Amino acid sequence: MTDTAVAPSGAASADVPGFGHFIAGECVESVSGETFESRNPADTRDVVGRFQQGTAADVAMAVRAAELAAPRWRSTPAPKRGEILYRFGALMAEHKERLARAMTREMGKVLAEARGDVQEAIDIAFLMAGEGRRMFGDTTPSELPDKWAMSVRQPIGVAGIITPWNFPMAIPCWKMMPALVAGNTVVFKPASDTPHCAVLLVELMVEAGFPPGTVNLVTGRGEDVGDAIVDSPDVSVLSFTGSSATGKGIAERAARRLKRLSLELGGKNAAVVLADADLELAADGIVWSAFATTGQRCTACSRVVVDRRVADELLARLESRTRRLRLGSGLDETVDVGPLINARAAERVEGYVDIGRSEGELVLGGHRAGEGDLSNGHFFRPTIFRDVAPLDRIAQEEIFGPLLSVIPVDGYEAAVTAVNQVRYGLSAAIFTRDVNAAFRAMRDFETGIVYVNAGTTGAETHLPFGGWKETGNGHREAGRAALDTYTEWKSIYVDFSGRVQRAQIDNQSAG
Ligand code: NAD
């Protein structure tokens, strides 16, 4: 797929490249004949490209291509599939800088973080390439003599992959790599804010040698392309990362067909700071996890639950560090905080600032940054509220922007109650020098990820990633656990006794 492989009539101009869907190894236009633009959120005058506005008919073609490719792919030995993943990982490493720059331009996160996003994609490609030679099942004794028992993983079929814009390369790879190494074929729908990142990934997948039809890309709106993938009777497993509201809708529809479904949804992540904590370390960790990626990480810290005795001291440190953060285009290496993803996101954060004014006290920020070069992008000043109560709306609802609520409490028990008193359960952190308190937190936090003396972000790909409660539905991405989404277990018994052994009856009376 090249920049100009598909230039829909009247859509792409000389300086705005057009891109197709990628179906059955070919670049194709949408049957809708319509396209949409992706723009740079740091400067909305900059159009990244024009992309196909997909339809249910496009999805049907992609699903058909994936079905046709499935028999050959699933019968390719898993170590051979793994070799293609490995080549894809190596190609991403080779093109890391180009991919990171394209990501910053389309999504806004600063270059250092975009490189990190690409690196996570590389890491999962290599990790899952190795699974091609592992993908262990069990061999286990049978309860009967002369009988062999084992379990193996098998692919499920066509995997529908629906992803958000905030990790536009890492998250698609976190899903596609385990799906593919396990022998599934893929229909991939990226977020409409980051279709170019998806195109760049798929280009490298083609170069790595994934056979035609193994990976299919359909761009377009969630309610058209996403719904069609969810509803397709021929897509047997779905993996979705996005908002809880969208995820719940997908869960209802998928349940009608009893589809396998992995959901990674919202978060409201807290960092606890106990009275004995190293406040310098805590402030560094909190500012990084609250305002990096402009607060748009699913694991971003949006609540600081602090022992009242050190609240003022911590706040002073948070404030001075946050004041020093530089806003701007992420392509400028001196910038700390890029733009929000789009105008809707800026409006939402603004709305929560209004709500926050009647709940806590605004310490810093609270408005868009529109001066000079920033006037063409969706920039928002990092914002801190103090004296927020645990059940206030800004302490309960996912804002997904640079807004941090500081919640004073009295001691460890009250801190744990505040951490757990939300609908979500993705990530939580504790800053303390007390090893007993740290171990209690590791036990008590109702979250899928816990950090001790570090901020709430920083997941590594070889551990399970995901959340409790309304953050998900019990599945996990990454680590070995990721294979559970994309495989069916098969238990196999081989009887070499030469006679009929009636299991569960015979073994009681045997002997
Ligand atoms: P979103 O729910 O708006 O969109 C996610 C994807 O779903 C997009 O590709 C979108 O086009 C598609 N979609 C929208 N409506 C659909 C429908 N009816 N059917 C099928 N697909 C549909 O989320 P977003 O704004 O792109 O991402 C931000 C959200 O993602 C936040 O809530 C964040 O917490 C969450 N997130 C969670 C994790 C995690 O691992 N838990 C990671 C990253 C982001």
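All values reported here derive from a predicted model rather than from experimental measurement. Both ligands and their constituent atoms are indexed starting at 1 by order of listing.
Below 30°, between 30° and 60°, or above 60°: for F400 and W165 the angle between ring planes is above 60°, a perpendicular geometry. The aromatic rings of F51 and F19 lie parallel to each other, with less than 30° between the two planes, well short of the 60° mark. The aromatic rings of F465 and W174 sit perpendicular, their planes meeting at an angle over 60°, well past the 30° parallel limit.
Remark: minimum distance from atom 15 (N) of ligand 1 to any protein heavy atom is reached at T246 CG2, 3.4 Å. The closest protein non-hydrogen atom to atom 8 (C) of ligand 1 is T163 O, 3.3 Å. Closest to atom 21 (N) of ligand 1 among all protein heavy atoms lies G226 CA, 3.6 Å. Among all non-hydrogen protein atoms, the one lying nearest atom 7 (O) of ligand 1 is F240 CE1, 3.1 Å. Here the heavy atom of the protein found nearest to atom 18 (N) of ligand 1 is D227 OD1, 2.9 Å. The protein non-hydrogen atom at the shortest distance from atom 22 (C) of ligand 1 is G222 CA, 3.4 Å. The protein atom (non-hydrogen) at minimum distance from atom 41 (N) of ligand 1 is L265 O, 2.7 Å. Nearest protein heavy-atom neighbour of atom 35 (C) of ligand 1: G242 O, 3.2 Å.
Close approach of ligand 1 to S243 (heavy-atom distance below 4.0 Å) involves ligand atoms 1 (P), 2 (O), 23 (O), 29 (C), 30 (O), 32 (O).
By the neighbour-count criterion of 12 heavy atoms within 6.0 Å, atom CD of E252 is sparsely surrounded, having that number or fewer from other residues, nucleotides or ligands. By the neighbour-count criterion of 12 heavy atoms within 6.0 Å, atom CD of E97 is densely surrounded, having more than that number from other residues, nucleotides or ligands. Within a 6.0 Å sphere centred on CZ of R64, heavy atoms belonging to other residues, nucleotides or ligands number 12 at most. Crowding of R344 atom CZ: a count of heavy atoms from other residues, nucleotides or ligands under 6.0 Å not exceeding 12. With a 6.0 Å radius and a threshold of 12 heavy atoms from other residues, nucleotides or ligands, R480 has its CZ atom at or below the threshold.
Judged by the 6.0 Å and 45° rule, K189 forms no cation-pi pair with F240.
With atom 12 (C) of ligand 1 as the reference point, the heavy atom nearest to it among I449, I162, I161 is part of I162.
Not a single protein heavy atom sits closer than 4.0 Å to atom 4 (O) of ligand 1.
Counting heavy atoms under 4.0 Å from ligand 1, residue E398 touches it through the side chain alone. Heavy atoms of N166 found under 4.0 angstrom from ligand 1 belong exclusively to the side chain. Residue contacts with ligand 1, taken as heavy atom pairs separated by less than 4.0 Å, do not involve I229 at all. If you look at I171 next to ligand 1, the close heavy atoms, those under 4.0 Å, all belong to the side chain.
Remark: distances from the non-hydrogen atoms of P190 to ligand 1 include one below 4.0 Å. Residue contacts with ligand 1: F167 is excluded, as none of its non-hydrogen atoms falls under 4.0 Å.
Side chain to side chain, T241 and K175 meet the donor-acceptor criterion of an N or O pair below 3.5 Å.
The existence of a salt bridge linking E37 and R50 is confirmed by a sub-4.0 Å separation between a basic side-chain nitrogen and an acidic carboxylate oxygen.
For T241, no nitrogen or oxygen atom sits less than 3.5 Å from a nitrogen or oxygen atom of ligand 1, counting backbone and side chain alike.
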